[in-house]
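Encoded as structure tokens, the structure appears first; notes follow it.
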Amino acid sequence: MRRIGGLFDGVVSYSNLYRAYRKALLGARRNEEQAHFYYNLENELVTLGRELVDGTYNPGPYRYFMIFDPKEREIAIAPFRDRVVHHAIVNVLEPIYERRFVYDSYATRKGKGTLAAIKRAQSFLRESRYYIKLDISKYFASIDRNTLLEILKRKLKDARLLKLITTIVWNPPDEDWGLPIGNMTSQFFANVYMDPFDHFVKETLKQRHYIRYMDDFVVFTDDRSGIRGLLDRMRAYLNDELGLKVKENGVVINTSMHGLGFLGVRIFPSTIRIHRKNLTRCMRKIRLREREYSKGQIDEERLVRSVGSIVAHMAQFNTLTLRRKVMGSRSMVPTG
């Protein structure tokens, strides 16, 4: 693998920091911290760039909160200026690793995503008789920080950039394992961490029909006799090379005709159905938007756009009857 250097200057350039600032704003709630950064934007970016160059930059502490949809998770929120740094790093590293990642890795990548992963899984299901589905137990919390940095060093040889990445990876500094859920860098590095495994499955195990979405992955095969051996080799690699444990009650070996539960849907060769819990989640989001509208928290345009987005997502699957029920009118439902 050819190592790449000379990246740090691109990360800390004013133009890249400004682009990172714009990305950090997207989807974020406006608050006093962001407002202060905005009103002092040029000075903030120049100061941040200078700290990065002279090595005095130190990330601030995270704020934490819990979410319970679809499952209980602790989310970490970095200070806004740190989020700008995270985006600045990913801006530079993303095109490099896009050339490295296997095609069938779908999480947090441009032009990929859950729908593309679901459609690809269905195409593999049509071509194969069996599948093995696995996921990792407590994936983000189980990532070995030292192993992650060694994986990054296989591709990167820029000492200043690696030092900056090390500073971010080791925040907070009191644990050898784990990346905080919620960071742009955490999502990106979590993909990088699994990249050696992707290549192992594709190139060493010779599994052409393989798909991964973060820590959920499926291998499709016609070789029934080799399934157990394949499972053992994957489990051993994850444990020995990456220090990851397969969630044993999450291992599924089945035939294609029985369908595949993946990314919140049930996939069959000829149809795709949303799991009931995910239908419930869609309904909950619609009711939330309706309550926000009734209280004057969002306008009618935002209500229509948000509900339309949810219904359009449902329209990708076998949910026409439900969508008619949700919208209360046959004429309001997209029939795509």
Side-chain angles (χ1 to χ4, degrees), residues 67-73 102-137 139-140 181 187 190-191 194 198 201 207-221 227 234 246-289 306-327 332-336:
I67 63 170
F68 303 91
D69 186 14
K71 59 184 178 181
E72 182 176 347
R73 291 183 295 171
V102 300
Y103 179 86
D104 286 310
S105 165
Y106 285 85
T108 64
R109 294 177 64 191
K110 294 176 182 177
K112 301 289 184 175
T114 55
L115 182 59
I118 289 166
K119 295 293 188 181
R120 183 69 160 173
Q122 186 181 47
S123 71
F124 286 160
L125 206 64
R126 290 169 176 161
E127 298 177 30
S128 308
R129 296 177 61 191
Y130 308 99
Y131 67 82
I132 313 168
K133 178 179 178 291
L134 306 94
D135 65 285
I136 305 299
S137 177
Y139 178 52
F140 277 81
I181 299 174
Q187 296 177 44
N191 251 352
M194 288 293 288
D198 293 340
V201 174
Q207 298 303 306
R208 186 165 62 92
H209 292 170
Y210 162 80
I211 190 168
R212 178 175 67 82
Y213 191 96
M214 198 53 76
D215 62 322
D216 292 328
F217 45 96
V218 190
V219 175
F220 303 82
T221 180
I227 287 178
M234 289 191 294
V246 171
K247 190 184 299 181
E248 293 303 329
N249 61 359
V251 176
V252 178
I253 300 174
N254 210 334
T255 61
S256 298
M257 64 178 293
H258 284 102
L260 163 68
F262 187 54
L263 300 179
V265 300
R266 190 77 185 173
I267 307 169
F268 295 88
S270 59
T271 191
I272 302 172
R273 299 170 183 162
I274 301 180
H275 282 165
R276 182 166 296 277
K277 64 181 180 181
N278 289 288
L279 291 174
T280 301
R281 192 177 306 123
C282 289
M283 295 292 291
R284 189 183 303 128
K285 288 180 180 178
I286 290 173
R287 288 194 293 267
L288 173 61
R289 295 294 174 263
S306 181
V307 173
S309 175
I310 295 169
V311 174
H313 171 72
M314 296 165 63
Q316 301 291 332
F317 314 114
N318 185 20
T319 58
L320 179 57
T321 301
L322 177 70
R323 282 180 279 132
R324 286 174 173 160
K325 180 179 179 181
V326 168
M327 302 306 291
M332 294 177 66
V333 179
T335 58

Considering all heavy atoms of both residues, which atom of [X] and which atom of [Y] are nearest to each other, and what is their separation?
X      : Y      : value
Leu263 : Thr114 : CD1-O, 4.0 Å
Pro269 : Ser256 : CD-O, 3.7 Å
Gln187 : Thr108 : OE1-CG2, 3.1 Å
Phe268 : Arg266 : CE1-CG, 3.4 Å
Ile118 : Phe262 : CG1-O, 4.4 Å
Met194 : Tyr139 : CG-OH, 3.0 Å

Salt bridge (Lys or Arg N to Asp or Glu O under 4.0 Å): which pairs involve residues 208-221, sequence neighbours left out? Asp198-Arg212
Using the test side-chain contact (heavy atoms from CB on, under 4.5 Å), find all partners of Ser128 that sit at least two apart in sequence or belong to another chain.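 Residues passing side-chain contact (heavy atoms from CB on, under 4.5 Å) with Ser128: His209, Phe220, Asp222.
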Kindly write out the residues that satisfy side-chain hydrogen bond (donor to acceptor under 3.5 Å, both in side chains) with [X], not counting sequence neighbours, or none if the list is empty.
X      : answer
Gln122 : Arg126
Ser137 : none
Thr221 : none
Arg120 : Asp104

[X] side, atom [atom1]; [Y] side, atom [atom2] - distance, nearest 0.5 Å:
X      : Y      : atom1 : atom2 : answer
Ile211 : Lys133 : CD1   : NZ    : 12.0 Å
Asp135 : Glu248 : CG    : CD    : 10.0 Å
Gln207 : Phe124 : CD    : CZ    : 11.0 Å
Leu260 : Tyr131 : CG    : OH    : 5.0 Å

Kindly indicate, with the supporting measurements, whether the criterion side-chain contact (heavy atoms from CB on, under 4.5 Å) is fulfilled by Arg109 and Tyr213. CA-CA 10 Å; Arg109 294 177 64 191; Tyr213 191 96; over 6 Å; no
